[in-house]
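What follows is a single structure, written as structure tokens, with notes after it.
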Amino acid sequence: MPQASAVLPEPVTGSDFAPLLRQVRAAGLLERRRGRYALTAATDLLALAATATAIVLTGDSWWTLLLTLPAAVFWARIAFLGHDSGHAQIAATRRTNRALGLVHADLLLGMSYGWWNDKHVRHHANPNHVDKDPDVGVGALVWTQRQAARRQGLARWLTRNQAWLFFPLLLLEGINLKVSSVLDLKRRDARDRRTEAVLLGVHTAAYATLLLTAMSPGKALAFALLHHALFGLHLGMVFAPNHKGMEMPDPDGERWGHLRRQVLTSRNVHGGPVTDWLMGGLNYQIEHHLFPSMPRPVLRLARPLVRAHCRAAGLSYAETGLVDSYRQALRHMHDVGAPLRAERGNGHGRRAL
């Protein structure tokens with residue numbers, strides 16, 4: 001299975017990235033923080049256990065639905081740990097990181113670690129590249145006007161209105177992650193498929209047992225749907241500001257070096273400790289993309305070094321507040337659909353004549 005850490009570049013003599021890499025290494029920011037990760041994992045697991053206990057104690061009541069919020073938030077915390085294991089940030093060996101990823105993703109979330117990690121590796125290698133980054137491929141949403149021009153039928157309507165529909169669509173992302181994980185199993189080799197299928201099955205059985213033991217089937221279904229909706233919304237709100245609306249390399253243009261490719265396609269979000277916690281530290285997206293194996297808790301410490309290096313190299317370093325980051329991302333999606341809205345307006349005008 002490919003590991004996201006593979007995208008960490010080797011230092012190249014004379015490159016514009018090598019001096020920054022040496023600075024970061026000298027500052028000890030690429031060293032693993034096992035104690036910090038152990039504490040984080042223990043805290044998140046205790047929070048999930050407390051939430052599950054509260055579900056059982058609250059029982060067959062509609063008030064139980066209030067617990068979907070902490071359940072979604074701490075599922076996201078678990079997802080962050082699965083993300084970090086894929087980047088080899090936690091442990092020294094591939095086997096241990098994979099085991100951690102399988103536990104946090106497949107067992108605790110019901111989401112395939114192998115599927116997600118393969119997709120994420122390709123994103124890191126070529127962020128915002130329409131031919132190579134699966135995160136800007138054609139799906140429910142599109143990211144370029146060229147992609148938009150090919151849309152037909154319902155998809156064309158969706159593209160015209162995608163900026164308005166973005167947050168409602170995120171409510172489906174939690175379920176989409178589960179469906180995509182199961183569908184991907186068929187392309188895996190037999191050993192990986194068997195391991196992940198078992199873990200996904202155990203997760204599904206445990207999750208259903210918890211809910212159906214605590215409440216009626218109707219309330220259990222309502223809880224599961226709301227929980228997954230909030231989980232998808234939370235994850236989407238963490239990852240959407242990072243790249244949407246940033247530069248997209250021309251597939252037919254010059255090949256960018258690592259520094260330019262990662263910095264110009266990424267955006268940081270500032271906002272203080274609350275923002276850092278809710279976004280898991282991934283709001284320091286520029287630093288994360290430059291150094292994917294850097295432990296997530298220390299990304300903020302690398303920010304001054306990276307920012308100064310970008311200034312010296314004459315590279316734009318994009319950083320803004322949380323609300324403005326969403327505004328920029330939504331404006332980009334709105335602009336992508338603009339030709340389709342203009343075409344529709346012209347068509348209405350012709351019919352009116």
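Only a predicted model underlies this, so the values are computations on that prediction, with no experimental measurement involved.
- At distances below 3.5 Å, not a single donor-acceptor pair connects side-chain atoms of Glu173 with backbone N or O atoms of Gly236.
- With rounding to the nearest 0.5 Å, the separation of CG in Leu20 from CG in Leu259 is 7.0 Å.
- Looking at heavy atoms from C-beta onward, Leu29 lies out of side-chain contact with Phe291 at the 4.5 angstrom threshold.
- Counted by atom type alone, Ser61 and Thr58 present zero donor-acceptor pairs between their side chains at under 3.5 Å.
- By the 4.5 Å heavy-atom criterion applied to side chains, Arg22 and Arg25 are not counted as neighbours.
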Inset, instruction - Decide yes or no on side chain to side chain contact (heavy atoms under 4.5 Å, CB included) for Leu301 and Met294, but give the supporting numbers first. - result: CA-CA 11 Å; Leu301 302 180; Met294 180 182 290; over 6 Å; no

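- In this structure, Glu287 contributes its side chain and Leu299 its backbone to no donor-acceptor pair below 3.5 Å.
- No donor-acceptor pair closer than 3.5 Å links the side chain of His243 to the backbone N or O of Met248.
- For an aromatic pair to be called close, the ring centres must be under 6.0 Å apart, and Tyr207 with His227 satisfies this.
- Note on Leu141: it clusters hydrophobically with Leu233, by side-chain heavy-atom contacts below 4.5 Å among ILVMFWY residues.
- Of the possible donor and acceptor atoms, none in the side chain of Glu247 sits under 3.5 Å from a partner among the backbone N and O of Asn128.
- A salt bridge is defined here as a Lys NZ or Arg NE, NH1 or NH2 lying under 4.0 Å from an Asp or Glu carboxylate O, and Arg122 with Asp118 meets this definition.
- Between the side chains of His332 and Gln328, no donor-acceptor pair of N or O atoms lies under 3.5 Å.
- Remark: Phe74 CZ to Thr43 OG1 distance equals 9.0 Å, nearest 0.5 Å.
- Connection of Val274 to Met279 is established within a shared hydrophobic cluster, with ILVMFWY side chains joined at heavy-atom distances below 4.5 Å, either directly or through further cluster members.
- In terms of the salt bridge (charged side-chain N to carboxylate O under 4.0 Å, His left out) criterion, Lys178 has no residue partners (sequence neighbours excluded).
- Taking 4.5 Å as the limit, every side-chain heavy atom of Met246 sits out of range of all side-chain heavy atoms of Gln285.
- Between His124 and His288, the distance separating the two ring centers is shorter than 6.0 angstrom.
- Between Trp256 and Gln262, the closest side-chain pair of non-hydrogen atoms is not below 4.5 Å.
- With sequence neighbours excluded, the residues that form a side chain to side chain contact (heavy atoms under 4.5 Å, CB included) with Thr195 are Leu102, Leu199.
- To the nearest 0.5 Å, the span separating CG on Leu177 from CG on Leu109 amounts to 9.0 Å.
- Side-chain contact between Val73 and Trp277: present, with at least one pair of heavy atoms (C-beta onward) separated by less than 4.5 Å.
- None of His258, His123, His87 except one satisfies the ring-ring contact (aromatic ring centres under 6.0 Å, His included) rule with His289; the exception is His123.
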Legend entry - side chain to side chain contact (heavy atoms under 4.5 Å, CB included) evaluation trace for Ile55 with Met215: CA-CA 9 Å; Ile55 290 170; Met215 60 194 88; 3.7 Å; yes

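- Around atom CZ of Arg327, more than 12 heavy atoms belonging to other residues, nucleotides or ligands sit under 6.0 Å away.
- The line from CG of Asn283 to CG of Asp276 is 4.5 Å long, rounded to the nearest 0.5 Å.
- Contact detail for Pro70 and Thr51: the closest heavy-atom pair is CB-OG1, 4.2 Å.
- Taking CG from Leu45 and CG from Leu81, the interatomic distance works out to 8.0 Å, rounded to the nearest 0.5 Å.
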Inset, instruction - Decide yes or no on side chain to side chain contact (heavy atoms under 4.5 Å, CB included) for Leu322 and Leu278, but give the supporting numbers first. - result: CA-CA 11 Å; Leu322 186 61; Leu278 287 174; over 6 Å; no

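- The main-chain N or O of Pro241 is found under 3.5 Å from a side-chain atom of Arg267 such that the two form a donor-acceptor pair.
- Side chains of Arg303 and His270 form no contact here, defined as non-hydrogen atoms less than 4.5 Å apart.
- Looking only at distances, no side-chain donor or acceptor of Arg261 sits under 3.5 Å from a matching main-chain atom of Pro127.
- For Tyr284 (side chain) and Val298 (main-chain N/O), no donor-acceptor pair under 3.5 Å exists by modelled atom type.
- The side-chain tip of Arg188 does not point at the ring of Trp115 from less than 6.0 angstrom away and within 45° of straight on.
- Without hydrogens or angle criteria, Arg156 side chain to Arg151 main chain gives a donor-acceptor distance under 3.5 Å.
- Counting heavy atoms from C-beta on, the side chains of Tyr317 and Arg311 never come closer than 4.5 Å.
- Leu230 and Leu170 end up in the same hydrophobic cluster when Ile, Leu, Val, Met, Phe, Trp and Tyr side chains are linked at under 4.5 Å.
- In summary, the aromatic rings of Trp75 and His228 are positioned with their centroids under 6.0 Å apart.
- One distance of note links CD of Glu196 with CZ of Arg191; it measures 12.5 Å at 0.5 Å rounding.
- No donor-acceptor pair under 3.5 Å is formed between the side chain of Ser181 and the backbone N or O of Met111.
- Closest non-hydrogen pair, Asp133 versus Asp135, comes out as OD1-N, 2.9 Å.
- Transitive grouping of hydrophobic side chains (ILVMFWY, heavy atoms separated by less than 4.5 Å) brings Leu69 and Leu67 into a common cluster.
- Considering only heavy atoms from C-beta on, Tyr37 comes within 4.5 Å of Gln89 through its side chain.
- In this structure, the side chain of His120 does not engage the main chain of Trp116 through any donor-acceptor pair within 3.5 Å.
- Phe17 and Ile286 fall within a single hydrophobic cluster, where Ile, Leu, Val, Met, Phe, Trp and Tyr side chains are chained together by heavy-atom contacts under 4.5 Å.
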